[in-house]
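Keep in mind that this is a model prediction, so the values were computed, not measured.
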Amino acid sequence: MLKEFREFAMKGNVVDLAVGVIIGAAFGAIVTSLVGDVIMPIIGAITGGLDFSNYFTGLSKSVSATNLADAKKQGAVLAWGNFLTLTLNFVIIAFVLFIVIRAMNTLKRKDEAAPAAPPKPTRQEELLTEIRDLLKKA
């Protein structure tokens, strides 16, 4: 059983998947930082520092707090601002990923479009070509 597990774990697909998950997690951290540290501050500067994450509607009469954390302690709240912020973050992240993948596909197409030099014929092929040419002349 241990031998079978080792064979399974060492298959190319499993190793490729593990590498993909690790790179995906690292790339996710980069994109999250790009959105949180670069794009959202620009949007905040444009909108005058508007932050939707603290907007909510109390669903019970006991909710009187002005921030979301305290309001959740007092009772049920509809945290629509947080949902809006997360949705906006998702749209921005999806757009950034679209741009990155589009750029990668463009680079890949350029590499595929570059014509490869035809392989040099082997010595045997050269001799056969000479024989063919001699037969055509005869």
Side-chain angles (χ1 to χ4, degrees):
M1 185 169 154
L2 185 60
K3 181 181 175 185
E4 287 181 53
F5 177 73
R6 186 174 46 130
E7 289 174 8
F8 169 75
M10 290 301 157
K11 282 186 180 178
N13 295 342
V14 175
V15 174
D16 291 345
L17 180 62
V19 169
V21 167
I22 292 168
I23 289 175
F27 187 72
I30 290 170
V31 172
T32 301
S33 175
L34 176 67
V35 170
D37 300 332
V38 177
I39 295 173
M40 290 307 282
I42 293 170
I43 292 174
I46 291 171
T47 61
L50 188 60
D51 181 18
F52 294 111
S53 62
N54 210 26
Y55 290 5
F56 64 92
T57 302
L59 298 177
S60 69
K61 293 180 183 182
S62 63
V63 176
S64 61
T66 58
N67 65 27
L68 182 60
D70 292 338
K72 282 184 175 182
K73 292 176 186 174
Q74 293 177 346
V77 293
L78 183 66
W80 59 271
N82 193 32
F83 176 75
L84 185 63
T85 300
L86 292 175
T87 302
L88 183 62
N89 285 348
F90 171 77
V91 169
I92 292 169
I93 289 171
F95 181 72
V96 168
L97 286 175
F98 170 74
I99 298 291
V100 168
I101 291 173
R102 187 173 178 197
M104 289 173 53
N105 287 339
T106 302
L107 292 174
K108 185 188 257 187
R109 277 189 227 116
K110 285 182 182 177
D111 289 344
E112 290 173 356
K120 182 180 176 186
T122 63
R123 177 73 181 139
Q124 184 179 6
E125 290 172 337
E126 289 175 1
L127 291 174
L128 288 171
T129 303
E130 288 177 19
I131 293 170
R132 182 196 65 203
D133 293 344
L134 288 173
L135 288 172
K136 282 184 181 178
K137 288 180 183 179

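Taking Phe90 as the reference, nothing meets the ring-ring contact (aromatic ring centres under 6.0 Å, His included) condition, with sequence neighbours excluded.
What you find for Leu68 and Ala79 is that their closest heavy atoms are CD1-CB, 3.8 Å. For the residue pair Ala65 and Phe56, the shortest heavy atom distance occurs at O-CZ, 3.3 Å. Residues Gly58 and Val77 share a closest heavy-atom pair of CA-CG1, 4.2 Å. Contact between Ala76 and Val63 at its shortest, heavy atoms only, is O-CG2, 3.8 Å. Taking every heavy atom of both residues into account, Gly75 and Ser62 meet most closely at CA-OG, 4.5 Å.
Sorted by first then second residue, the side chain to side chain donor-acceptor pair (under 3.5 Å) pairs that include residues 73-85, not counting sequence neighbours, are Thr57-Trp80. Note on residues 91-103: no pairs pass side chain to side chain donor-acceptor pair (under 3.5 Å), not counting sequence neighbours.
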Problem set entry | Stepwise side-chain contact (heavy atoms from CB on, under 4.5 Å) check, Leu34 with Ile30 | CA-CA 6 Å; Leu34 176 67; Ile30 290 170; 5.5 Å; no
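Each of Leu127 and Leu134 belongs to its own hydrophobic cluster when Ile, Leu, Val, Met, Phe, Trp and Tyr are linked at side-chain heavy-atom distances under 4.5 angstrom. Following chains of ILVMFWY side-chain contacts shorter than 4.5 Å, one cannot reach Ile92 starting from Phe83, and the two form parts of different hydrophobic clusters. When the side chains of ILVMFWY residues are joined at heavy-atom separations under 4.5 Å, either directly or via intervening members, Met104 and Leu97 end up in a single hydrophobic cluster. Hydrophobic cluster membership is shared by Leu84 and Tyr55, with clusters built from Ile, Leu, Val, Met, Phe, Trp and Tyr side chains linked at under 4.5 angstrom. Both Val38 and Val100 belong to a single network of hydrophobic side chains, linked directly or stepwise wherever heavy atoms of I, L, V, M, F, W or Y lie under 4.5 Å apart.
Atoms NZ and CD, on Lys120 and Glu126 in that order, are 6.0 Å from each other to the nearest 0.5 Å. To the nearest 0.5 angstrom, Leu128 atom CG is 8.0 Å from Thr122 atom OG1. Between the CG atom of Leu135 and the CD atom of Glu130 there is a distance of 12.0 Å, given to the nearest 0.5 Å.
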